[in-house]
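Here's the structure, in structure tokens; my notes come after.
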Amino acid sequence: MDHYKVLGLHRTASKEEIKAAFKKLAFQFHPDKHSHSPKVVRDNATLRFKQVSEAYEVLMDDRKRADYNFRSRSTAAGGSSSYYSQYSYGYGRGSSSYQQRSRHQYGGGGGGGGGIASKFELAIRILTARSSLLNLGFAAAILGGIVIIDKSGESLWERQNSGKSFEEAMKSIDKAKAYRDDSAKERT
């Protein structure tokens, strides 16, 4: 099921367009409106209402929409996905069916499967999560600080010991230690 087709929208639709399409279709297919209709019409309207509600739930949430767009592109390219047309919720938009499906698909729900593509998707989702990006930024700041401190230490060394490299300085320290040890031996 294509959420954009369900709402009659293009992939570049704005949130206002999504909301307007949802309101129009939700009113048209709401089960209460068809409560006195024949069973076939009522069941069809209920199914369409669920599809419209799911499409709205996914497309109005930026993160869910990006995930859906990514999945629908990879499915169109030859992959397969169990993301589509799974209704395990009532008429409200506040359900957790999306999270339940995601947990199942990413290995948290007890289902095996997966493959390189799903593991790659999981890695991408983890790396693009806000907390991961913050952690990477923090680690980069620490690493940058270490590099700056190291470089400033070298600069200070060169400024204080002009003309000498660090290795030359270490050799002269070793010579001084050897000279001191030799002097101590001669005195005893």
Side-chain angles (χ1 to χ4, degrees), residues 1-140:
M1 173 182 73
D2 184 352
H3 292 316
Y4 293 103
K5 284 184 182 177
V6 167
L7 294 177
L9 299 171
H10 190 268
R11 288 192 171 278
T12 59
S14 67
K15 285 192 176 191
E16 291 79 27
E17 293 171 320
I18 294 168
K19 189 179 283 188
F22 169 73
K23 284 182 180 181
K24 177 184 162 201
L25 293 171
F27 180 75
Q28 181 181 349
F29 294 114
H30 198 280
D32 290 345
K33 185 175 181 182
H34 297 280
S35 62
H36 299 294
S37 300
K39 181 171 175 27
V40 173
V41 174
R42 191 172 53 234
D43 290 345
N44 186 37
T46 301
L47 176 64
R48 291 278 291 152
F49 182 78
K50 287 179 179 182
Q51 291 173 338
V52 167
S53 296
E54 181 179 355
Y56 178 77
E57 176 188 348
V58 171
L59 298 180
M60 283 302 286
D61 185 295
D62 292 333
R63 186 173 280 176
K64 291 178 185 178
R65 185 175 182 178
D67 182 50
Y68 171 76
N69 289 338
F70 177 76
R71 292 172 160 282
S72 62
R73 278 192 302 268
S74 66
T75 302
S80 65
S81 175
S82 60
Y83 181 82
Y84 308 104
S85 299
Q86 295 183 2
Y87 304 106
S88 62
Y89 58 95
Y91 302 124
R93 291 188 314 266
S95 70
S96 62
S97 64
Y98 175 82
Q99 290 85 0
Q100 290 169 351
R101 284 193 305 271
S102 293
R103 260 187 266 119
H104 174 72
Q105 289 171 338
Y106 292 119
I116 294 174
S118 64
K119 290 177 181 153
F120 178 72
E121 284 181 32
L122 178 61
I124 294 297
R125 287 175 59 88
I126 289 171
L127 290 174
T128 57
R130 187 176 300 161
S131 61
S132 294
L133 293 175
L134 288 173
N135 288 339
L136 285 173
F138 184 68

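Remember, it's a predicted structure, so these values are computed and weren't measured experimentally. Sequential numbering from 1 along the given sequence is applied to the chain's residues. All values below were derived from every heavy atom in this structure, side-chain atoms included, with hydrogens, water molecules and symmetry-related copies excluded.
Asn69 pairs by the side chain to side chain contact (heavy atoms under 4.5 Å, CB included) definition with Tyr4, Arg11, Arg65, Arg73, not counting sequence neighbours. His10 meets the side-chain hydrogen bond (donor to acceptor under 3.5 Å, both in side chains) test with Thr12; sequence neighbours excluded. Partners of Arg42 according to the side-chain hydrogen bond (donor to acceptor under 3.5 Å, both in side chains) rule, which considers only residues two or more places apart in sequence or in another chain, do not exist here. For Asp62, the side-chain hydrogen bond (donor to acceptor under 3.5 Å, both in side chains) partners two or more places apart in sequence, or in a different chain, are Lys15. Ser35 meets the side-chain hydrogen bond (donor to acceptor under 3.5 Å, both in side chains) test with no other residue; sequence neighbours excluded. Applying the side chain to side chain contact (heavy atoms under 4.5 Å, CB included) criterion to Lys33, with sequence neighbours excluded, gives Phe27.
Smallest separation of non-hydrogen atoms from Val6 and Leu25: O-CD1, 3.4 Å. Residues His3 and Tyr68 approach most closely at N-OH, 2.9 Å, considering heavy atoms.
The distance from the CD atom of Glu17 to the CG atom of Leu59 is 11.5 Å, given to the nearest 0.5 Å. A distance of 10.5 Å separates OG of Ser37 from CG of Asp43, quoted to the nearest 0.5 Å.
Ring geometry for Tyr56 against Phe22 counts as parallel: the plane angle stays under 30°, on a 0 to 90° scale with 60° as the upper cut.
With respect to the salt-bridge test (charged N to carboxylate O, under 4.0 angstrom), the residues Asp67 and Arg71 qualify.
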